[in-house]
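Data block below; observations after.
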Amino acid sequence: MPDYNELTVPEATLLQRELQEKVTLVPYKGPLNYIAGADISFNKFSTTVYAGIVLLKFPSLIPVGYSLVKKEVHFPYVPGFLAFREVPALLDAWEQLPLKPDILVVDGHGIAHPRRMGIASHFGVLAQQATIGSAKKKLYGVYEEPGPEKGSVSPLTDRKGQLLGNVLRSKTNVKPIFVSPGHLVDVPDSLRILRQCIQKYRLPEPTRLAHNAVNQFRLGAIPEGWTGMS
DNA sequence: GCGACAG
DNA sequence: ATCTTGTCGC
């Protein structure tokens with residue numbers, strides 16, 4: 001695996017095209033006893049990123065532990081290349097997880113990307129892990145605004161009509177979230193599974209808890225490493 | 001050339 | 001993404 005910090009955007013584009021051929025979109029048949037959420041936090045203008053993965057029991061969505069890692073990154077944030085900034089740190093956090101989840105929810109898009117290679121797909125291929133992308137804003141694609149009530153959904157497609165994911169109204173009268181498969185799951189299952197992760201907030205529990213964890217970690221409220229709960 | 005543009 | 005007080009609406 002190349003050092004992402006040394007890549008140019010053209011080189012990163014070539015790598016995305018190579019990895020894209022490995023993305024597998026299939027119905028999810030495996031067990032679903034554990035699910036996890038991954039996210040990154042950082043101080044503006046800083047090259048230090050705080051990555052974290054929170055593991056939760058499914059379907060209770062009760063958190064059972066988290067993995068936190070601090071890392072230096074130099075690849076800049078460029079729309080369409082988020083993975084080159086966040087995946088290295090997330091892989092470190094992933095490696096120190098004592099127990100791998102059946103599904104990992106990544107904060108960002110899966111195949112709803114110009115080259116069908118959003119961060120969730122990128123991570124999934126490298127870690128050979130089933131992943132779902134859950135984003136707060138659109139990166140690529142077209143869609144009709146879903147109805148205002150919680151549960152309303154509308155398809156996200158490319159300009160040729162190919163299905164990329166779905167736009168889900170997770171809470172009534174609240175901006176919708178974008179759900180797309182990353183790897184080893186398909187569009188229908190990514191939506192079905194993610195819907196089961198919505199509780200009281202706009203964001204799915206795995207992502208929401210991961211966001212809280214990395215934020216507290218960055219602020220020094222939690223120590224680095226693996227922390228089981230009980 | 002102009003608008004769009006995950007985190 | 002992060003920094004922030006008040007404010008609008010269910």
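None of the values given here were measured: they were computed from a predicted structure. Lettering follows sequence order; numbering is per chain, from 1.
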**Prompt:** At under 4.0 Å between heavy atoms, what does A:F81 touch on the DNA or RNA strands: base, sugar-phosphate, or nothing?
**Reply:**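 Here A:F81 touches the bases of the nucleic acid.
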**Prompt:** If you look at every strand shown and take non-hydrogen atoms under 4.0 Å, does A:H122 touch a base, only sugar-phosphate, or nothing?
**Reply:**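 Here A:H122 touches no strand at all.
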**Request:** Check the surroundings of atom CD in A:E144: do more than 12 heavy atoms from other residues, nucleotides or ligands lie under 6.0 Å from it?
**Result:** no
**Request:** Mark yes when over 12 heavy atoms from residues, nucleotides or ligands other than A:K150 sit less than 6.0 Å from its NZ; otherwise mark no.
**Result:**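 Yes.
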For [X], check ring pair (Phe, Tyr, Trp, His ring centres under 6.0 Å) against everything at least two apart and list the hits.
{"X": "A:F217", "value": "A:Y50"}
{"X": "A:H109", "value": "none"}
{"X": "A:F123", "value": "A:W94"}

**Message:** Once pairs are restricted to Watson-Crick or G-U wobble with both distances under 3.5 Å, how does DNA chain B read as a dot-bracket string, [ ] for crossings and | for other-strand pairs?
**Reply:** .......
Check whether any side-chain heavy atom of [X] lies under 4.5 Å from a side-chain heavy atom of [Y], and answer yes or no.
{"X": "A:E6", "Y": "A:E11", "answer": "no"}
{"X": "A:L194", "Y": "A:P206", "answer": "no"}
{"X": "A:Q196", "Y": "A:L61", "answer": "no"}
{"X": "A:E86", "Y": "A:D107", "answer": "no"}
{"X": "A:E145", "Y": "A:R169", "answer": "yes"}
{"X": "A:F42", "Y": "A:R85", "answer": "yes"}

**Request:** Report yes or no: do A:R115 and A:Q20 form a side-chain donor-acceptor pair below 3.5 Å?
**Result:** no
**Complete:** Between A:S67 and the options A:E95, A:E224, A:Q96, the side-chain hydrogen bond (donor to acceptor under 3.5 Å, both in side chains) test singles out A:Q96
**Request:** Could you list by number each residue of residues 167-180 of chain A showing a heavy-atom separation from DNA chain B of less than 4.0 Å, or answer none if no residue does?
**Result:** none
**Residues touching DNA chain B, which here means a heavy atom under 4.0 Å, drawn from residues 124-145 of chain A** =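 When residues 124-145 of chain A is checked for heavy atoms under 4.0 Å from DNA chain B, the hits, listed by number, are A:A135, A:K136, A:K137, A:K138, A:L139.
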For residues 68-79 of chain A, run the donor-acceptor check on the side chains, cut-off 3.5 Å, and write out each pair with its distance to 0.1 Å, sequence neighbours left out.
residue	atom	partner	partner atom	Å
A:K71	NZ	A:D92	OD2	2.9
A:E72	OE1	A:T47	OG1	2.8
A:E72	OE2	A:T48	OG1	2.6

**Request:** Walking along DNA chain C from 5' to 3', note the first and the last nucleotide with an atom under 4.0 Å from a heavy atom of chain A, and give both.
**Result:**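 Nucleotide range with atoms under 4.0 Å of chain A: C:dA1 to C:dC3.
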**Pairing annotation in dot-bracket form, given for DNA chain C with Watson-Crick or G-U pairs under 3.5 Å and | for cross-strand partners** = ..........
**Message:** In terms of relative ring orientation, are A:Y4 and A:F84 parallel, tilted or perpendicular, with 30° and 60° separating the classes?
**Reply:** tilted
Would you list the atom pairs, donor with acceptor, under 3.5 Å between side chains in residues 176-190 of chain A and any protein atom, with sequence neighbours excluded?
residue	atom	partner	partner atom	Å
A:S180	OG	A:G110	N	2.7
A:H183	ND1	A:T24	N	3.0
A:D186	OD1	A:D189	N	2.9
A:D189	OD1	A:R192	NE	3.1
A:D189	OD1	A:R192	NH2	3.3
A:D189	OD2	A:Y28	N	2.6
A:S190	OG	A:D186	O	3.2
A:S190	OG	A:V187	O	2.7

**Asked** Taking 5' to 3' order, which nucleotide of DNA chain B is first and which is last to have an atom within less than 4.0 Å of a heavy atom in chain A?
**Response** B:dC5 to B:dG7
Can you give me every donor-acceptor pair (side chain of residues 34-41 of chain A, partner residue at least two apart or in another chain, under 3.5 Å) with its distance?
residue	atom	partner	partner atom	Å
A:S41	OG	A:N215	OD1	3.2
A:S41	OG	A:R218	NE	2.7

